[in-house]
Amino acid sequence: MKRFSIQMVDFSTPNSWYKQILAHFVQPGDSFEIRCWKEEAAEIQLASQFGKGVEENAEVSVRGTVTGEFLKLLLMEEPTDKSVYNKMTCFFTLHAQNGRCDLWSEHYGTEMTLEVTTEADAAFFEREIGRYPKSFSVGTY
């Protein structure tokens, strides 16, 4: 197993890398969790179309199973609110898990932790992130 921890350091980076990672690793049938701040009503409503929400302290956690429609949403969305972050996704936290990977997308996709089980998946991730050599701080474990 290989673990990557990345943080975006160039906030002008386009979200194409993010979509490539999701398209490769997230599949229908995977379990997911989305965490939103309670005041993110539109994002909570959107996520709740695909799972069940539970309030937890200052957050709402929506859990479910990835569907084709949900995956399409993740791959097609273009966040417009970029006043604080160059958001890759409208969701503060996205966690998806399957037999190949455990993916945590944090801070609207500007940070990611990914554990993969195969060398082929590790090589794919390294290749995709390598396309943006000055955009990320990358740790490998």
Side-chain angles (χ1 to χ4, degrees), residues 1-118 120-141:
M1 182 178 305
K2 197 164 193 178
R3 181 179 180 170
F4 300 94
S5 181
I6 69 165
Q7 182 169 359
M8 185 183 292
V9 294
D10 176 359
F11 291 102
S12 66
T13 305
N15 68 359
S16 54
W17 72 271
Y18 186 80
K19 291 180 180 187
Q20 290 295 323
I21 299 301
L22 291 185
H24 183 83
F25 288 106
V26 180
Q27 303 168 21
D30 294 353
S31 63
F32 79 85
E33 176 183 15
I34 289 175
R35 295 182 188 167
C36 298
W37 297 110
K38 283 185 181 177
E39 59 269 15
E40 295 179 308
E43 291 80 1
I44 293 167
Q45 183 178 16
L46 181 59
S48 294
Q49 294 176 32
F50 303 100
K52 182 174 170 76
V54 177
E55 287 192 28
E56 299 176 348
N57 301 320
E59 296 178 330
V60 173
S61 174
V62 178
R63 294 182 180 115
T65 302
V66 174
T67 63
E69 184 180 356
F70 179 61
L71 184 56
K72 183 178 178 181
L73 167 78
L74 294 175
L75 298 177
M76 299 299 292
E77 77 167 317
E78 293 290 339
T80 56
D81 175 14
K82 296 185 181 260
S83 59
V84 177
Y85 288 94
N86 178 19
K87 294 180 179 181
M88 304 292 107
T89 179
C90 67
F91 302 117
F92 186 77
T93 299
L94 167 65
H95 176 223
Q97 190 172 24
N98 58 42
R100 292 177 38 221
C101 75
D102 189 2
L103 181 146
W104 285 89
S105 164
E106 305 276 2
H107 294 104
Y108 305 103
T110 62
E111 297 178 18
M112 185 179 287
T113 301
L114 177 69
E115 291 183 3
V116 296
T117 58
T118 70
D121 284 334
F124 173 84
F125 185 78
E126 289 170 332
R127 191 170 48 252
E128 286 303 313
I129 292 300
R131 295 177 198 257
Y132 306 93
K134 296 182 181 191
S135 296
F136 301 99
S137 171
V138 180
T140 307
Y141 311 92

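For the single chain, residues carry numbers from 1 onward in sequence order. For the numbers below, each heavy atom of this structure counts, side chains included, while hydrogens, waters and symmetry mates do not.
The salt bridge (charged side-chain N to carboxylate O under 4.0 Å, His left out) test applied to Glu69 returns no partner, not counting sequence neighbours. Taking the side-chain contact (heavy atoms from CB on, under 4.5 Å) definition, one finds that Lys38 meets it with Glu55, Val60, sequence neighbours left out. With sequence neighbours left out, Pro79 forms a side-chain contact (heavy atoms from CB on, under 4.5 Å) with Asn15, Glu77, Lys87. Shown here are the side-chain contact (heavy atoms from CB on, under 4.5 Å) partners of His107, two or more places apart in sequence or in another chain: Tyr85, Phe92, Thr110, Glu111. Contacts of Ala96 classified as side-chain contact (heavy atoms from CB on, under 4.5 Å), with partners at least two apart in sequence or in another chain: Val26. Under the rule for a side chain to side chain donor-acceptor pair (under 3.5 Å), the partners of Ser135 that lie at least two apart in sequence or sit in another chain are Thr13. Under the rule for a side chain to side chain donor-acceptor pair (under 3.5 Å), the partners of Ser16 that lie at least two apart in sequence or sit in another chain are Tyr132.
Residues in residues 48-68 take part in these ring-ring contact (aromatic ring centres under 6.0 Å, His included) pairs, two or more places apart or across chains: Phe50-Phe70. Among pairs with a residue in residues 90-99, those fulfilling side-chain hydrogen bond (donor to acceptor under 3.5 Å, both in side chains) read Asp30-Asn98, Thr93-Glu106, His95-Asp102, His95-Trp104, at least two apart in sequence or across chains. Residue pairs that meet the salt bridge (Lys or Arg N to Asp or Glu O under 4.0 Å) test with at least one member in residues 5-16, sequence neighbours left out, do not exist here. Judged as a side-chain hydrogen bond (donor to acceptor under 3.5 Å, both in side chains), not a single pair has a partner in residues 43-52 (not counting sequence neighbours).
Across every non-hydrogen atom of Trp37 and Ile44, the tightest pair is O-CD1, 3.5 Å. Listed here is the closest heavy atom pair of Gly109 and Ser105: CA-OG, 3.3 Å. Taking both residues in full, the closest heavy atoms of Leu22 and Leu71 are given as O-CD1, 4.5 Å, listed atom of the first, atom of the second, then distance. Counting all heavy atoms, side chain and backbone alike, Ile21 lies closest to Met112 at CG2-SD, 3.8 Å. Tyr141 and Ser5 make their closest contact through CE1-CB, 3.8 Å (heavy atoms, listed as atom of the first residue, atom of the second, distance).
Although no hydrogens or angles enter the test, the distance criterion places no donor-acceptor pair under 3.5 Å between the side chain of Glu59 and the main chain of Glu56.
Val116 places a side-chain heavy atom less than 4.5 Å from the side chain of Phe25. Between Met8 and Met88 there is a side-chain heavy-atom pair separated by less than 4.5 Å. No side-chain heavy atom of Ile34 sits less than 4.5 Å from a side-chain heavy atom of Leu46. The closest side-chain heavy-atom distance from Cys36 to Val62 is not below 4.5 Å. Under the 4.5 Å side-chain criterion, counting only non-hydrogen atoms from C-beta, Cys101 is in contact with Leu114.
In this structure, CD in Glu115 is found 5.5 Å from CE in Met1, a value given to the nearest 0.5 Å. The OH atom of Tyr18 lies 9.5 Å from the CG atom of Leu75; values are rounded to the nearest 0.5 Å. Summarising the geometry, atom CD belonging to Glu78 is positioned 10.0 Å from atom OG1 belonging to Thr80; distances are rounded to the nearest 0.5 Å. A distance of 6.0 Å separates CZ in Arg35 from OG in Ser61, rounded to the nearest 0.5 Å.
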Please assess Gln7 against Ser137 for the test side chain to side chain donor-acceptor pair (under 3.5 Å), listing each intermediate value before the final yes or no. CA-CA 5 Å; Gln7 182 169 359; Ser137 171; 5.9 Å; no
Taking distance alone, no hydrogens or angles, what donor-acceptor pairs closer than 3.5 Å link side-chain atoms of residues 120-130 to residues at least two apart or in another chain?
{"unit_1": "Asp121", "atom_1": "OD1", "unit_2": "His24", "atom_2": "NE2", "d": "2.8"}
{"unit_1": "Asp121", "atom_1": "OD1", "unit_2": "Arg100", "atom_2": "NH2", "d": "3.0"}
{"unit_1": "Asp121", "atom_1": "OD2", "unit_2": "Arg100", "atom_2": "NE", "d": "3.0"}
{"unit_1": "Asp121", "atom_1": "OD2", "unit_2": "Arg100", "atom_2": "NH2", "d": "3.4"}
{"unit_1": "Asp121", "atom_1": "OD2", "unit_2": "Thr118", "atom_2": "OG1", "d": "3.2"}
{"unit_1": "Glu126", "atom_1": "OE2", "unit_2": "Lys2", "atom_2": "NZ", "d": "3.1"}
{"unit_1": "Glu128", "atom_1": "OE1", "unit_2": "Arg131", "atom_2": "NE", "d": "3.4"}
{"unit_1": "Glu128", "atom_1": "OE2", "unit_2": "Arg131", "atom_2": "NE", "d": "3.3"}
{"unit_1": "Glu128", "atom_1": "OE2", "unit_2": "Arg131", "atom_2": "NH2", "d": "3.1"}

